[in-house]
Amino acid sequence: MRRPFEILLAVCAGLILAFLTLPILALFLRIPPEDLLSQLTSDVAVDALLVSLKTSLIAHAVVLFLGTPTAYLVATRRFRGRSLVLTLIELPLVLPPAVAGIALFAAFGRAGLLGDTLDAAGIHIPFTQAAVVLAIIFVSSPFYLRLGIAAFEAVDASLIDASRTLGAGPRRTFFRVALPLAAGGLSAASALAFARGLGEFGATIMFAGSLQGVTQTLPLAIYSQLDVDFDVALALGAFLVVVSVAVLLTVKLLPSWTRFTLLSLAPSGRSDSS
Amino acid sequence: MDSLHVAFTRALRAFRLELELEVDGVVALAGPSGAGKSTVLRTIAGLSKPDSGRVALGETSWFDSERKIDLRPEERSVGLVFQDYALFPHMSVADNVAYGGGKRSGDLLARFGIELLAPLKPGELSGGERQRVALARALARDPGVLLLDEPLAALDAHTRAHVRAELRSLLKGLDLPTLVVTHSFEDAAALTERIGVLVNGRLVQMGTAADLVAAPTTPFVADFTGANLLTGRARPTGDGLTEIALVDGTLIVSTDRLTGQVGAVVHPWEVGIARAQPVDSMQNHVRGAIESLVPVANRVRIRVGPLTAEITAESAARLGLEPGDEVVASFKASGTRLIPLG
């Protein structure tokens with residue numbers, strides 16, 4: 001006879017798992033797969049795909065380019081105000097998206113903090129693709145930074161010290177030791193940040209609007225098609241599910257995968273000094 | 001060969017580290033964990049900044065608080081071998097050794113007998129192999145000073161004896177000011193010519209291993225030094241024992257079985273002192289004049305030739321021992337442990 005407690009555990013788990021998987025399954029089961037695919041070639045869907053791809057890639061490049069050195073700095077230096085910096089990085093993670101949208105307006109909008117300065121320079125941001133990019137950076141960079149800091153902190157400090165005593169300056173130490181050893185963690189951080197950016201909705205719709213072919217990203221297109229063409233909305237939703245699953249698998253496979261590359265496949269760094 | 005001059009103070013959590021040390025030849029800094037030994041190495045290497053003082057190799061100042069000199073680690077001509085070796089896990093052995101500057105790395109791989117390991121990653125090496133790679137990597141830069149942090153601590157007991165012998169002959173052949181930090185007096189005695197004992201940030205005594213065993217200035221040094229280390233050549237005798245010819249020609253026996261260059265470890269409290277050779281179970285006898293008599297608490301440490309005995313103050317008084325007296329120091333073959341010295 002099973003103990004009642006075991007049954008209780010199983011029932012709880014079964015209920016919540018059913019609740020989590022049912023909507024995802026429904027997305028795929030409502031219409032046949034070939035219809036899903038054909039809906040993806042509709043004008044709205046193609047425009048949204050292109051806008052999302054362009055803005056996400058630009059935003060992600062900025063996040064990686066600025067975020068990686070920042071994560072290294074915060075992870076390896078002890079300075080006054082470090083915990084304040086960490087808190088500022090983590091704040092957008094818990095901020096409601098609508099707040100992010102209104103905050104971006106308050107900063108970069110015509111009547112915003114930098115409004116006059118930007119106006120004088122002839123730059124107008126709200127309701128442009130630039131606004132989409134800013135919104136994505138604002139919500140996705142904290143993911144990359146927080147996980148990137150953890151990735152750099154996981155690199156054994158004595159390896160950094162060893163590099164320095166072997167005559168390598170901070171720059172060479174970063175590129176030859178810290179970056180390759182943190183690569184696994186940084187890739188996971190990058191994948192999660194990209195997924196978060198791709199799904200950005202709240203801040204984008206407030207700050208950039210939902211103009212097809214300009215600022216209408218995939219999530220915004222789903223919303224706009226909801227009462228226009230439900231099948232297109234379904235198809236876009238299914239597509240985002242597939243992308244999300246791919247991201248999750250990448251992240252889950254990364255740790256063992258990077259250990260493998262670090263041990264046997266990583267390009268062996270030849271000495272570049274004499 | 002320039003010598004390394006180290007004199008600095010640094011406030012640590014529990015005490016103040018105050019050190020003045022001249023490193024020429026191979027010197028050990030020994031002491032209990034938490035005495036500040038690793039901080040000394042990190043300070044010399046530039047990884048840790050002292051409050052004040054001076055670190056210089058010959059005429060070149062690396063750190064000088066008065067002249068506001070503080071060279072970065074990469075600007076100091078130092079080879080540091082880390083306690084866990086700190087090999088780069090993502091690079092091959094060859095790339096690790098070549099990291100600090102490649103010209104000598106090929107020679108070093110050959111000299112350390114690790115050419116065959118060149119394509120392997122550190123994760124695939126044994127402890128002893130890792131140590132050789134770490135040493136080769138530190139030496140590839142052709143440093144003016146070699147620093148070793150607990151070089152034998154990461155090894156298991158079996159590998160340790162073997163690697164110690166290897167390391168000893170290697171350090172002797174380098175002709176480089178070398179500072180070895182260790183918590184083991186035995187390792188310090190086996191690897192180096194001079195030993196400084198560091199306790200709570202102070203250098204309490206400095207001398208040869210024999211000096212420290214014979215005349216410890218504090219009870220701590222007496223406890224810490226523990227044992228005599230006599231060097232000689234061992235060969236098996238017919239009856240299953242080992243006979244060791246000490247450097248001064250004295251023959252002793254041990255129940256341990258080893259051949260070749262060895263160190264015989266004898267604890268001072270296992271050495272008896274008599275005016276004439278006693279007739280008892282002791283098989284080893286060293287004859288000589290008493291060189292020194294040093295009281296340690298209620299005991300006395302007596303140096304006779306290469307050996308130090310520790311007997312009670314009462315026995316010493318009863319025998320009426322004075323420096324210069326001819327005595328016999330005796331100890332058992334079963335109390336004589338042998339360690340290989342290569």
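Just so it is clear: chains get the letters A, B, ... in the order the sequence lines come, proteins before strands, and each one is counted from 1.
Taking every heavy atom of both residues into account, Thr173(A) and Arg164(A) meet most closely at OG1-CD, 3.6 Å. Residue Gln83(B) comes nearest to Ala153(B) through the heavy atom pair NE2-CB, 3.8 Å, listed as atom of the first residue, atom of the second, then distance. Heavy-atom minimum distance, Pro180(A) versus Val177(A): CD-O, 3.3 Å. Heavy atoms only, all atoms of each residue included: Ile136(A) and Ala59(A) are closest at CG2-CB, 3.5 Å. Between Val74(A) and Phe79(A), the shortest heavy-atom contact is CA-CE2, 4.4 Å. What you find for Phe28(A) and Ile24(A) is that their closest heavy atoms are CD1-O, 3.2 Å.
Between Val81(B) and Pro151(B), the closest side-chain pair of non-hydrogen atoms is not below 4.5 Å. Arg137(B) places none of its side-chain heavy atoms less than 4.5 Å from the side chain of Phe112(B). Annotation: side chain of Ser184(B) is not in contact with side chain of Glu150(B) (no heavy-atom distance under 4.5 Å). Side-chain contact between Thr182(B) and Leu152(B) is absent, with no heavy atoms from C-beta onward closer than 4.5 Å. Here the side chains of Phe194(A) and Leu57(A) are in contact, with some heavy-atom distance below 4.5 Å.
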Stepwise, does the side-chain contact (heavy atoms from CB on, under 4.5 Å) test hold for Arg164(B) with Leu191(B)? CA-CA 7 Å; Arg164(B) 177 160 57 191; Leu191(B) 294 175; 4.1 Å; yes

Test salt bridge (Lys or Arg N to Asp or Glu O under 4.0 Å) on Arg172(A) and Glu74(B) and set out the steps. CA-CA 11 Å; Arg172(A) 186 157 175 252; Glu74(B) 60 267 29; over 6 Å; no

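Close approach to chain B, defined as a heavy atom under 4.5 Å from one of its heavy atoms, is seen in Asp156(A) of residues 141-156 of chain A, taken by number. For residues 61-73 of chain B, heavy-atom neighbours of chain A at less than 4.5 Å comprise Arg72(B), Pro73(B), sorted by residue number. By a heavy-atom distance cut of under 4.5 Å, Arg42(B), Ala45(B), Leu47(B) are the residues of residues 35-53 of chain B near chain A, going up by number. Using a 4.5 Å cut-off between non-hydrogen atoms, no part of residues 5-29 of chain B approaches chain A.
Neither the backbone nor the side chain of Leu120(B) comes within contact range of chain A, judged by heavy atoms closer than 4.5 Å. There is no contact between Ala94(B) and chain A, counting heavy-atom distances below 4.5 Å.
A distance-only check finds no donor-acceptor pair linking the side chain of Ser56(A) to the backbone of Leu53(A) [under 3.5 Å].
Counting non-hydrogen atoms of other residues, nucleotides and ligands closer than 6.0 Å to CZ of Arg196(A) gives a total above 12. Taking a 6.0 Å sphere around CG of Leu17(A), one finds it holds more than 12 heavy atoms contributed by other residues, nucleotides or ligands. The number of heavy-atom neighbours closer than 6.0 Å to CG of Leu116(B), taken from other residues, nucleotides and ligands shown, is 12 or below.
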